[in-house]
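One-based numbering along the sequence shown. Both ligands and their constituent atoms are indexed starting at 1 by order of listing. Heavy-atom basis, side chains included; hydrogens, waters and symmetry copies ignored.
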Amino acid sequence: MSITQLSRKNIQALVPYQSARRLGGKGDVWLNANEYPISPDFSLTCQNFNRYPEAQPQAVIQGYANYAGVSAENVIVSRGGDECIELIIRAFCEPNQDAILYCPPTYGMYSVSAETCGIACKKVPLTADFQLNLGEIERQLANVKVVFVCSPNNPTGNLVKREDLIALLEMTRNRAIVVVDEAYIEFCPTASLVKELVNYPHLAIIRTLSKAFALAGLRCGFTLANPELIGILQKVIAPYPLPTPIADIAAQALSAQGLAMMQQRVKTVIANRDWLVEELNKCAIIEKVYPSEANYLLFKAKNGQQLFQYLWDNGIILRNQGSQLMLENCIRITVGTEEENQRTMQAINQFAQQGN
Ligand SMILES: *Cc1c(COP(=O)(O)O)cnc(C)c1O
């Protein structure tokens, strides 16, 4: 038997997550991973690396709870929001029996994590305006243990209507966990469902330091939920998920000064996003710029595939969404620095002038 044949069947069949890094590219304008374009500056304050870290570092948990407006018992910290996704699936879904449900086009990790765990995926596409198809979700709910909804949705950028999320929570009560992925909520904080935690014991909210906090390299994410649900995740998480240096920097990022810098970043990103929307809308080959509440924009271009390739060849790396459901000829661009945005627009306009 080959090593591959020894591996689990679902792993043999698995197509790993096509992360921006994995897709590669050669360039100096990287607007493909929804990162913040400039690194914040931190120094380690703690040097005792001989000891294991705290399992759930108190300063980080309390810092995030204060920021999110919940209690420490409502928070678990993990290696990025991505680990939260997998923890929830591992804790709630019985292999070869239960399913998760998600609504494409959306974030790719829900299906990758489920497939890794041997959990079936039910897909209920978003409507044409990228909202939930609640009727179809209800019809598909048999043996679904976890429903994932991303709001603002990646890659479309829009919010899912609050009344639909509430209707989904009512529909799934005592039946399934609803995960609302709020990775980009800092760009539209009033849309958070965090205040609904008191009403819904089956609600879990995913957060991250990778986007507005500009710390994608740190690998630090959070789940917000009621204590019973958090306690279940505590049982399955690794004993020491957060290395000491990560906890140190995360706590600093959540200080009053860290939060103020994050809010400043959000303002800058939104101003630069507005500029990009305006410029893209002036360009004849751009057929549609979708409204965004996040730090990226989805747009539809005439010959989207060729445009993506042209930019790629010129060292401007965006994220091609053309193969996703309903997103033919669509490209996602992360809002970069003013200079990066200008260079990208210049290149798009050059491509347009070549008669495309
Ligand atoms: C970036 C992102 C996450 C989490 O990313 P981490 O870097 O693992 O924290 C989760 N959901 C969505 C939709 C994202 O875009």
Side-chain angles (χ1 to χ4, degrees), residues 16-23 30-37 39-40 60 64 67-68 75-89 100 102-114 116 126 130 132 146-160 165 178-188 191-193 204-225 233 237-238 241-243 246-247 249-250 253-254 262 265-266 269 290 292-298 318-319 321 324 327 332-335:
Y17 181 66
Q18 298 293 302
S19 67
R21 282 291 171 282
R22 201 173 243 166
L23 289 168
W30 292 92
L31 301 178
N32 63 344
N34 297 346
E35 298 149 328
Y36 190 73
S39 178
V60 178
Y64 203 83
Y67 158 64
V75 184
I76 183 170
V77 61
S78 58
R79 286 164 291 197
D82 285 347
E83 189 180 24
C84 314
I85 294 168
E86 186 162 323
L87 286 177
I88 293 169
I89 292 174
I100 67 156
Y102 64 92
C103 303
T106 192
Y107 190 46
M109 277 307 289
Y110 313 134
S111 62
V112 170
S113 281
T116 304
L126 294 171
F130 302 140
L132 299 180
V146 184
V147 179
F148 286 95
V149 180
C150 189
S151 182
N153 187 40
N154 180 2
T156 57
N158 62 291
L159 285 167
V160 175
L165 289 169
V178 173
V179 177
V180 179
D181 187 338
E182 294 189 349
Y184 300 95
I185 203 66
E186 283 77 18
F187 300 100
C188 48
S192 176
L193 276 204
I205 298 173
I206 292 182
R207 299 285 191 86
T208 180
L209 298 188
S210 296
K211 310 291 163 49
F213 284 89
L215 291 170
L218 204 60
R219 310 308 303 129
C220 189
F222 300 87
T223 306
L224 309 177
L233 301 182
I237 197 169
L242 236 56
I246 307 310
I249 292 169
L254 294 166
M262 180 275 285
R265 261 179 237 123
V266 165
V269 167
Y290 293 87
S292 170
E293 301 289 338
N295 66 341
Y296 53 87
L297 286 169
L298 183 74
L318 308 188
R319 193 83 147 119
Q321 300 288 345
Q324 284 230 56
L327 301 188
R332 191 192 70 190
I333 177 171
T334 306
V335 177

Check: So, for Tyr107 and Tyr102, is the gap between ring centers shorter than 6.0 Å?
Finding: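 No - the distance between ring centres of Tyr107 and Tyr102 does not fall below the 6.0 Å cut-off.
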Notebook entry, point to check: Are Tyr67 and Phe222 close enough that their ring centers fall under 6.0 Å?
Noted result: no
Note to self: Quick check with a 6.0 Å cut-off and a 45 degree axis cone: is Arg207 positioned over the face of Tyr64's six-membered ring?
What the structure shows: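 Geometry flag: not set, cation outside 6.0 Å or 45°.
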Taking 4.0 Å as the limit for heavy-atom contacts, which would you say applies to [X] with ligand 1: side chain only, backbone only, both, or neither?
X: Lys211; answer: side chain
X: Asp82; answer: both
X: Arg79; answer: neither

Judged by non-hydrogen atoms, does [X] sit under 4.0 Å from ligand 1?
X: Met109; answer: no
X: Cys150; answer: yes
X: Ala183; answer: yes

Margin query: Using a 4.0 Å cut-off to any heavy atom of Gly81, which atoms of ligand 1 qualify?
Written below: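 Heavy-atom distances to Gly81 below 4.0 Å select 4 (C), 6 (P), 8 (O), 9 (O).
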Note to self: Within ligand 1, which atoms have a heavy atom of Gly80 less than 4.0 Å away?
What the structure shows: 6 (P), 8 (O), 9 (O)
[atom1]/[X] to [atom2]/[Y] distance, rounded to the nearest 0.5 angstrom?
X: Ile88; Y: Glu83; atom1: CD1; atom2: CD; result: 11.0 Å
X: Tyr110; Y: Ile100; atom1: OH; atom2: CD1; result: 9.5 Å
X: Ile76; Y: Leu87; atom1: CD1; atom2: CG; result: 6.0 Å
X: Asn34; Y: Arg319; atom1: CG; atom2: CZ; result: 8.5 Å

Shortest protein heavy-atom distance from [atom], along with the residue and atom involved:
atom: atom 11 (N) of ligand 1; value: Asp181 OD2, 2.6 Å
atom: atom 8 (O) of ligand 1; value: Arg219 NH2, 2.8 Å
atom: atom 15 (O) of ligand 1; value: Tyr184 OH, 2.6 Å

Notebook entry, point to check: Does an N or O anywhere in Ile85 fall below 3.5 Å from an N or O of ligand 1?
Noted result: no
Checklist line | From the candidates Ser210, Ala294, Cys84, Pro155, the one that places a heavy atom nearest atom 7 (O) of ligand 1 | finding: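 Closest candidate by heavy-atom distance is Ser210.
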Margin query: Check whether Ser151 reaches the backbone of Asn153 with its side chain - one donor and one acceptor, N or O, closer than 3.5 Å.
Written below: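 No, Ser151 side chain to Asn153 backbone: no donor-acceptor pair under 3.5 Å.
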Next item on the list: Could you walk me through whether Cys188 and Leu159 pass the side-chain contact (heavy atoms from CB on, under 4.5 Å) test, one step at a time?
Entry: CA-CA 9 Å; Cys188 48; Leu159 285 167; 3.8 Å; yes
